[in-house]
Amino acid sequence: MADVRQILGDLNKGSFVDLMKKVIGESKYVQNNPPDLIPEEDRIVDHVLDILDPYSTKNGGPLVINHIAYTPNRGNLIVEYPGTDPKKVVSFVGMHMDVVPANLEQWEFDPFSLSIDGDKLRGRGTTDCLGHVALVTELMKTLAETKIKLKSTVIAIFIASEENASIQGIGVDALDKDGWFDNLKNGPLFWIDAADKQPCIGTGGVIPWKLEVTGKGFHSGLPNKAINALELGMDALKEIQTRFYRDFPPHLKEKVYKFEAPSTMKPTQWFYPGGGNNQIPGECTISGDVRLTPFYNVPDVIQKLQEYVDDLNANIEQLDTRGPVSKYVLPEENIRGSMRISFDEAYSGVACDLDSLGYKVLSNATKEVVGYVEPYSITGSLPLIRDLQDRGYDVQSTGYGIMDTYHADNEYCLLFDMSQGYQVFASIIAQLED
């Protein structure tokens, strides 16, 4: 085991930083916020290929490289370092090549170019997830340079995007349908898209919802003739949330997995058609999400939310109102306030198997390199991996960015943390050789 670590050595910091400069320099063009911002992940692929293609089989090297694109300019990259035992595999997956948008006016430095402040590597994508793209690229390059003989095949899968991949026809969903994941059940699959150098053992599922509220608009001076859609939306949402927390309370396993928060259901956006300050709106839309710990089932929650809304519509007279003339039914006009709930694409969270080989080697490697192991769980989401787990993959998750700067303004990572991440990868490979 020690020989493998010694051969792989430490992260080549100069080479890593050079690649970071190139990929962060593309971050402006891989911002993901459709329909306004459509990322072109092939810009990142090109830089990775510049590093790895000289070691490809077509150029006499050991790396088997496949550039797979289902959508123009939005490719995925699969890099394989073959081992001697076809039944042994270790894979590093999830390094997505898109980033969340950055507003220049809110940053203290240019988000779209790498700047260095001591040990800080600053720019959009350094922590999530272009830093991991560069880190795993360096790992695969070192394997190819050393030509180390391994039993396990090492596979890296750089994906175009993790969010909405099934809708866009890109990323891991499409790769999985075409069978590119079939061989990965023969060993642990490490999803490299978390932070803080510790195993992320649990994540939340997400159910995006939209509540459309219909009342009756009228002049503010005659509120008795209106059904105020804003008031109806607020009162109905409060009742829906009350029922949600009754039916989906904190789960006992959340303490075992160290979740920072239980399942939650809350609004995040509010829309109404507009109008003067003296107009009571007759309609509005409230949107939000459910963040669900993996110990509850997404279909069950969707069914319950629909039941809540159906019951409120049938018994709207019993809903709390506000003030002496606030009402949600106008009997003389045969008008009733009503709601309709709908859902966008939902996905489940994951609770990693803490008894699996993957978790054991990740935990050992983390303790060896970082000095301690403190696994954590969050109701933030890592889409797509629950399905892999359900179908028999040993999915584990970790990452080497900084949680406090994840998706945040003034994003940065630490070169020291990324260097330790490389050492963790080397230790994982070494342990699996034993």
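Residue numbers start at 1 and run along the sequence shown. Since this is a predicted model, take the numbers as computed values, not measurements. Heavy-atom basis, side chains included; hydrogens, waters and symmetry copies ignored.
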Begin with the C-alpha distance, continue with both residues' side-chain angles, and end with the deciding distance and a verdict on side-chain contact (heavy atoms from CB on, under 4.5 Å) for I78 and W180. CA-CA 9 Å; I78 301 173; W180 290 101; 3.5 Å; yes
Run the numbers on Y272 and V213 for side-chain contact (heavy atoms from CB on, under 4.5 Å), then give the verdict. CA-CA 10 Å; Y272 82 106; V213 182; over 6 Å; no
In sequence, state the C-alpha distance, the side-chain angles, and the governing distance for R243 and D311, and then conclude on salt bridge (Lys or Arg N to Asp or Glu O under 4.0 Å). CA-CA 11 Å; R243 296 185 188 190; D311 181 64; 3.0 Å; yes
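Residues satisfying the salt bridge (charged side-chain N to carboxylate O under 4.0 Å, His left out) criterion with D417, sequence neighbours excluded, are K197. With sequence neighbours left out, Y245 forms a ring-ring contact (aromatic ring centres under 6.0 Å, His included) with no residue at all. Residues satisfying the salt bridge (charged side-chain N to carboxylate O under 4.0 Å, His left out) test with K255, not counting sequence neighbours, are none. Under the rule for a ring-ring contact (aromatic ring centres under 6.0 Å, His included), H67 has no partner lying at least two apart in sequence or in another chain. Partners of W270 under the ring-ring contact (aromatic ring centres under 6.0 Å, His included) rule, at least two apart in sequence or in another chain, do not exist in this structure. With sequence neighbours excluded, no residue satisfies salt bridge (charged side-chain N to carboxylate O under 4.0 Å, His left out) with D300. Residues meeting the ring-ring contact (aromatic ring centres under 6.0 Å, His included) test with F248, sequence neighbours left out: F244, Y296. With sequence neighbours left out, the salt bridge (charged side-chain N to carboxylate O under 4.0 Å, His left out) criterion links E231 to no other residue.
Nearest heavy atoms, V154 versus M140: O-CE, 3.6 Å. When all heavy atoms of L230 and C284 are compared, the closest pair comes out as CD2-CB, 3.9 Å. When all heavy atoms of N76 and I159 are compared, the pair lying nearest together is OD1-CA, 3.5 Å. When all heavy atoms are compared, the tightest approach of W209 to I286 is CZ3-O, 3.3 Å. Between K141 and I51, the shortest heavy-atom distance links the atoms CD-CG2, 3.6 Å.
Around atom CG of L252, no more than 12 heavy atoms belonging to other residues, nucleotides or ligands sit under 6.0 Å away. Y29 OH: 12 or fewer foreign heavy atoms inside a 6.0 Å radius.
The closest side-chain donor-acceptor pair between S338 and N313, if any, does not fall under 3.5 angstrom. Counted by atom type alone, E283 and T214 present zero donor-acceptor pairs between their side chains at under 3.5 Å. Side-chain N/O atoms of Q423 and S419 include no donor and acceptor closer than 3.5 Å. Between the side chains of Q396 and D394, at least one donor-acceptor pair of N or O atoms lies under 3.5 Å. In summary, the side chains of E41 and N73 do not present any donor paired with an acceptor at a separation below 3.5 Å, with no hydrogens or angles considered. Counting only N and O atoms by type, the side chains of R291 and T264 include no donor and acceptor under 3.5 Å apart. Using modelled atom types, one finds a donor on one side chain and an acceptor on the other under 3.5 Å when comparing E138 with S15. Using a 3.5 Å distance cut-off with no hydrogens or angles, the side chains of D310 and Q306 do pair a donor with an acceptor. In this structure, a donor-acceptor pair under 3.5 Å is absent between the side chains of Y393 and N186. D193 and Y406 form a side-chain donor-acceptor contact under 3.5 Å, judged by distance and modelled atom types alone.
Remark: the backbone N or O of G61 is not paired with any side-chain donor or acceptor of N59 at under 3.5 angstrom. Under a 3.5 Å cut-off, the side chain of D409 and the backbone N or O of W107 do not form any donor-acceptor pair. D110 contributes a side-chain N or O that, together with a main-chain N or O of F112, makes up a donor-acceptor pair within less than 3.5 Å.
Salt-bridge check for D3 with R5: failed, with every basic side-chain N at 4.0 Å or more from each acidic carboxylate O. Contact check on K266 versus D289 returns a salt bridge, with a Lys/Arg side-chain nitrogen under 4.0 Å from an Asp/Glu carboxylate oxygen. Note on K151 versus E433: no salt bridge recorded, every NZ/NE/NH1/NH2 to OD/OE distance being 4.0 Å or above. A salt bridge links D53 with K58: the distance from a Lys NZ or Arg NE/NH1/NH2 to an Asp or Glu carboxylate oxygen falls below 4.0 Å. Between D390 and R386 there is a salt bridge, with a side-chain nitrogen of the basic residue lying less than 4.0 Å from a carboxylate oxygen of the acidic one. Salt-bridge check for K22 with E26: failed, with every basic side-chain N at 4.0 Å or more from each acidic carboxylate O.
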Taking distance alone, no hydrogens or angles, what donor-acceptor pairs closer than 3.5 Å link side-chain atoms of residues 256-263 to residues at least two apart or in another chain?
{"unit_1": "Y257", "atom_1": "OH", "unit_2": "C352", "atom_2": "O", "d": "2.8"}
{"unit_1": "S263", "atom_1": "OG", "unit_2": "T293", "atom_2": "N", "d": "3.1"}
{"unit_1": "S263", "atom_1": "OG", "unit_2": "T293", "atom_2": "OG1", "d": "3.3"}

Report all side-chain donor-acceptor pairs from residues 143-150 shorter than 3.5 Å, counting only partners two or more places apart or in another chain.
{"unit_1": "E145", "atom_1": "OE2", "unit_2": "Y55", "atom_2": "OH", "d": "2.9"}
{"unit_1": "T146", "atom_1": "OG1", "unit_2": "T142", "atom_2": "O", "d": "3.0"}
{"unit_1": "T146", "atom_1": "OG1", "unit_2": "L143", "atom_2": "O", "d": "3.2"}
{"unit_1": "T146", "atom_1": "OG1", "unit_2": "I148", "atom_2": "N", "d": "3.4"}

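For residues 79-89, there are no side chain to side chain donor-acceptor pair (under 3.5 Å) pairs, not counting sequence neighbours. Among residue pairs with one or both ends in residues 409-434, those qualifying as ring-ring contact (aromatic ring centres under 6.0 Å, His included) are F92-F425, Y400-F425; sequence neighbours excluded.
Separating the CD1 atom in I192 from the CG atom in L135 is a distance of 8.5 Å, to the nearest 0.5 Å.
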